[in-house]
Amino acid sequence: MAVFVYAENINGVYKKAAFEAVSYAKAVADQAGDTVTAISVNPTDSSDVLYKYGASNVINIKDEGLKNFSAKAFAQAVSEVAEGNTIVFPHTTDASSIAPMLAVMKNYSLITNVLEAPESLSPFQVKRRAFSGKGFMHAKAEGNGVIITVSQNAFGVKENTVSGSEEVKNLSVANEDTKVISHEQSSGKLDLKEAEVVVSAGRGMKGPENWGMIEELANVLGAATACSKPVSDIGWRPHTEHVGQTGKAISPNLYIAVGISGAIQHLAGVNSSKTIVVINNDAEAPFFKSADYGVVGDAFQIIPALTEKIKAIKG
Amino acid sequence: MKILVCISSVPDTTSKINFTADKSAFDKNGIQWVINPLDEFALTKAVKLQESQGATVTVINVGDTATEPVIRKALAIGANDAVRVNLDPKDSYSTAKEIAAVAQSGGYDLILCGKESIDYNGGSVPGMVAQLLNQPFVNASVGLDVNGSEATAVREIEGGKETISVKLPAVIAGQKGLVDEKDLIIPNMRGIMSARTKPLQVVEPTSSEVKVQGVSYDSVPARAAVKMVSPDNLDELVRLLHEEAKVI
Ligand SMILES: Cc1cc2nc3c(=O)[nH]c(=O)nc-3n(C[C@H](O)[C@H](O)[C@H](O)COP(=O)(O)OP(=O)(O)OC[C@H]3O[C@@H](n4cnc5c(N)ncnc54)[C@H](O)[C@@H]3O)c2cc1C
């Protein structure tokens, strides 16, 4: 049976995480000798962008009642159209709210935070993130159906164009338990979990007034910004930027840590970054042990200079 | 109002994570156990609702006798009573089923959880409990008010937040922001003394159906030794990032 995948959109526009989930589903389908069916709720984007990553069928759920997000109503909608015994989700906030509810509805196994293509299909076995990035687990699903959520930036987006077709499903799922009162989306800001480059700073920046240089470096690199826990606890930065064991877990291609000591709880959330650069004035800072490149020195001098040099090569 | 707070007992955040020699399990030797940090936000929120609205707060943990010190800590923080389901949990589903069974018979208005536990990072129990009880579910909650039979929750979304009204009973999974870090309750002597006499009920599991097995575990491979670059030679850093790591 076909592999199904939930292609998440924001205001109708597909997210990078959706392309990654479709890429993953395509890898599973290839292993199984089958095809991928993507499910989307009220998209405005063309299905072509999903064919590009390997979905040969796209089911567009049209439902006025699903204009606003509700985990339960979305799970209900997905369960009405997903017929396959493998359903792939990205590990985004919304998708990881829907997936557990759907798993109960369908009586399927649920494996979250998946990092790689499956090791075996029957039984379904796959490597996943565990212990907040301090270890990995090889998880095996019991039973017939499995739902997985794919950790963002882990498997990657892989182009694999197929010819596809689209199907519109008109649903009217009851959505009465929750009502959205207000919705604030900061536009133009890169999503931290999707970002391929992240510039992060810690207490070494001394105060929120010094974040301008961090943002400038991030701008030049097309990066998202992040911070250590104490920085968001004191309110220098919003807690949505807090990365680590109790914050967000991220795995960008490049993580630049400025004035962050590298405590074990911080590392837990960032050590799956592909390349780590640490800038710290203390040569003994533990973070250097987990870095690929290190610079010992004063961030207040290094960051502006580095920003200029990167600007120059980006030309 | 009756609130049920789900707490999980996890390795202290400073723990080095080791696995048994055959890699088949997490090695619990020498581990200190704490309340899952994300659950602490939920528990503190519940205790605040207890103070402001006269709610009663019950904590529930699915775990063997070894988790009792962590349950007592939750009582010291201010929960009224506790339930332990006597089962060493093997996966999210079996845990959720036991919580739902207790919740069903207890008639709770609100179930609060942490968004995920920092050990197995399932992030699945809260949503499963909600579905098993056929209740609405708000995940990644960073704000909550209760007003009669309705709650107003703020949830984090990618690049923003959303305020939602939710009909109770409901399941809410929280994280930092549900209460401020500085408002987390550290048990005082009185709390610790009174926790000793608060009721801790032990119930037997209803079933033990497991849907996901941990087959084996791996540690994180060590990185190659760090390459140090002089602060006077940032051109070299840029070159390395561009040519060697190919990330800029
Ligand atoms: C339950 C629990 C959960 C936690 N979860 C997390 C988590 O999720 N994420 C997290 O980050 N932390 C977490 N922590 C906190 C963690 O233990 C550390 O306290 C924290 O990561 C330290 O942040 P920091 O490196 O910014 O600050 P500090 O420890 O103060 O380090 C600042 C660094 O900046 C350097 N510095 C100072 N001035 C300069 C300068 N001019 N130029 C360059 N470098 C400079 C210093 O040498 C130092 O290394 C948690 C702790 C607990 C107890």
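Numbers restart at 1 for each chain; the letters A, B, ... are given by sequence-line order, proteins then strands.
When the salt bridge (charged side-chain N to carboxylate O under 4.0 Å, His left out) test is applied to A:E116, the partners found at least two apart in sequence or on another chain are A:K127.
Interface remark: of the candidates A:G135, A:A71, A:G297, A:S97, A:S97 forms the most heavy-atom pairs closer than 4.5 Å to chain B.
Contacts between A:Y108 and chain B at a heavy-atom distance below 4.5 Å involve the backbone alone (N, CA, C, O). Both the backbone and the side chain of B:L132 come within contact range of chain A, judged by heavy atoms closer than 4.5 Å. For chain A, the nearby part of B:V238 is the side chain; its heavy atoms alone come within less than 4.5 Å. Heavy atoms closer than 4.5 Å to chain A are found nowhere in B:S92, neither backbone nor side chain. The parts of A:N107 that come within reach of chain B are both its backbone and its side chain, each placing non-hydrogen atoms under 4.5 angstrom from that chain.
At distances below 3.5 Å, at least one donor-acceptor pair connects side-chain atoms of A:S132 with backbone N or O atoms of B:I118. Using modelled atom types, one side-chain atom of A:Q185 and one backbone atom of B:E158 make a donor-acceptor pair closer than 3.5 Å.
Using a 4.0 Å cut-off between charged nitrogen and carboxylate oxygen, B:R223 and A:D292 count as a salt-bridge pair. Between B:E156 and A:K248 there is a salt bridge, with a side-chain nitrogen of the basic residue lying less than 4.0 Å from a carboxylate oxygen of the acidic one.
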*Go through the steps to decide whether B:D91 and A:K140 satisfy the test salt bridge (charged side-chain N to carboxylate O under 4.0 Å, His left out), and finish with yes or no.*
CA-CA 11 Å; B:D91 75 343; A:K140 183 177 88 178; over 6 Å; no
